[in-house]
Amino acid sequence: MSADRDRPLVRVENLEKYFWEQDSILDRLLGAEPIPVRAVDGVSFDVYRGETLGLVGESGCGKSTTGETLLRLQEPTGGRVEYDGRNVYALEGTALDEFRRAAQVVFQDPFSSLDPRMTVGGIVRQPLDVHGIGTKEDRNDRVRGLLKRVGLSADQLDRYPHEFSGGQRQRVGIARALALDPEFVVLDEPTSALDVSVQAQVLNLLADLQTEFGLTYLLISHDLSVVRHVCDRVAVMYLGEIVEIAPSADLFEDPDHPYTQALLDSVPRASTDERRRDRQTLTGDVPSPRDPPSGCRFRTRCPMVIPPADLDIEQDLYRDLTTLRQRIERRDVSLATVGGDGRFEFDEADGVADEDVPAFVAALTDRLLERDLPPPHDEIVAAAFGELAAANWEAAEKRLRAEYESVCERAHPDPEDSDVDHPVACHLHDDAVDGTATSGSWLRQ
Ligand SMILES: Nc1ncnc2c1ncn2[C@@H]1O[C@H](COP(=O)(O)OP(=O)(O)OP(=O)(O)O)[C@@H](O)[C@H]1O
């Protein structure tokens, strides 16, 4: 697994892939502006010859779309991918043909990615047939050799996928990906559909094949233990963006991005030392890729979201107040049921009667806050709740923003500005974000 650092084999620059397909018919009838799913939103990374780069992140963060778009199985919305120095999206004719041979994919699910009506021999031979490689005999010889190389028997050529176990089917998928003698293989969750005992065998096979054929891998996985053992470097994705890229050992021993830290914290610890480390638990749901948060996309869940510099506040309290703000901004509080159904007569336009305001604020405080707030936050929040009692969401939102707005929501962190030795898209690792500034002057100087 020694990578040639002189020139990347694959260079991904600002890759974007948006989907518009999920717009509802109603939206279209009403002529509403289509809102795309920003599955991949400005992703950049290099893959060096001979290395395995891991691409990790929670389900739906855009890993598979990145893999498929860079292989040109999907057309990008924007950005550029270079393969061996050439723009993949400009390739035509023979050059495109060569790229299609050189860059292959192994999909996650060996049950659905193999045509059940074709024999295993036919499946592995198909790419050779499509590209018209050699005579029929040459092709059959190659298929027999490939099946043997991936640990199957050449006698199994005439069998159908359903006659094989999950691990064997994945070996067939690997043999097919190798048929055209590729240089680069995207492995999209290659072992996640397999039993744990079979996973290791398939990973070992992939490692052996990499050495034997000099392959370069992009390994897409949500399984951090797999990535840790197999990858030279790891890129961490969150909501369509890459938040950190680092050598595997560095990333697992000393992750810098709060999202990477939280992801790693979700994996059982091997050593006692590691177990002792403070746990950064992830709170809240992943926001929609149709409407990602402003600034840093992770800030709505980040346990280390940065308070304004002139605000002396404990991190946990700031996180809670930020979550409260987010709920108010999303109008995600049922004001009509405060204090229990029917306790207050709440009018959507005017709120509650003046004499009910103190009791309403107390009931809302009970419902939304798990702790007593220290001064001055108790008064600030009570004033905002008073505005909610008058059904004035905007005033409450504005008040809380004026007091608590974070740099994380105002400025998009750039991984290239990272002050550590690898790209980290987080304001905590950006010297240019002035931590001594007063609230309101957090933006890059
Ligand atoms: N063809 C499509 N049309 C509309 N939205 C899509 C399409 N394909 C993917 N998406 C959306 O794009 C986002 C990224 O999906 P993608 O499959 O790339 O994520 P992933 O990280 O690979 O997730 P998983 O591990 O679950 O496969 C998701 O919100 C998904 O719903």
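Note that this is a predicted model, so its numbers are computed, not measured. Positions are given from 1 along the sequence. Values below: every heavy atom of this structure, side chains too, minus hydrogens, waters and symmetry copies. Note that ligands are numbered from 1 as they come in the structure, with each ligand's atoms numbered from 1 the same way.
- Proximity of Val37 to ligand 1, defined as any heavy-atom pair under 4.0 Å, is confined to the side chain (atoms from C-beta onward).
- Under the 30°/60° scheme for interplanar angles, the aromatic rings of Tyr238 and Phe298 are found to stand perpendicular.
- For ligand 1, the polar-atom distance check finds an N/O of Cys61 within less than 3.5 Å of one of the ligand's N/O atoms.
- The side chain to side chain contact (heavy atoms under 4.5 Å, CB included) test with Phe164 singles out one residue from Gln156, Arg171, Gln170, and that residue is Gln156.
- Remark: Arg367 CZ is packed, more than 12 non-hydrogen atoms of other residues, nucleotides or ligands lying under 6.0 Å away.
- Look at Glu244 and Arg233 and you find no salt bridge, because none of the NZ, NE, NH1 or NH2 atoms lies under 4.0 Å from a carboxylate O.
- Ionic pairing of Glu212 and Arg149 is present here: one or more N-O contacts between side-chain nitrogen and carboxylate oxygen are shorter than 4.0 angstrom.
- Across the listed options Trp20, Phe19, Tyr18, Tyr238, Phe19 owns the non-hydrogen atom lying nearest to atom 5 (N) of ligand 1.
- The shell of residues lying under 4.0 angstrom from ligand 1, judged by heavy atoms, includes Gly62.
- The ligand atoms of ligand 1 that sit less than 4.0 angstrom from a heavy atom of Glu58 are 21 (O).
- Scanning Ser221, Ser288, Gly60 for the heavy atom closest to atom 20 (P) of ligand 1 points to Gly60.
- Listed by atom number, the atoms of ligand 1 under 4.0 Å from Lys63 heavy atoms are 18 (O), 19 (O), 20 (P), 21 (O), 22 (O), 23 (O), 25 (O).
- Each of Leu152, Leu194, Leu114 was scored for a side chain to side chain contact (heavy atoms under 4.5 Å, CB included) with Arg169, with one residue passing: Leu114.
- Every atom of ligand 1 is numbered from 1 in the order shown, and the set under 4.0 Å from a heavy atom of Pro289 is 29 (O).
- The residue from Leu55, Thr65, Thr66 that puts a heavy atom closest to atom 15 (O) of ligand 1 is Thr65.
- Under a 4.0 Å N-O distance rule, the pair Glu397/Arg331 qualifies as a salt bridge.
- With respect to Arg7 and Asp84, a salt bridge is recorded, a charged nitrogen being found less than 4.0 Å from a carboxylate O.
- At a heavy-atom cutoff of 4.0 Å, ligand 1 is contacted by no atom of His222, backbone or side chain.
- Using a 4.0 Å heavy-atom cutoff, Lys17 is absent from the residues neighbouring ligand 1.
- Residue Ser64 touches ligand 1 through backbone and side chain together, judged by heavy-atom distances below 4.0 Å.
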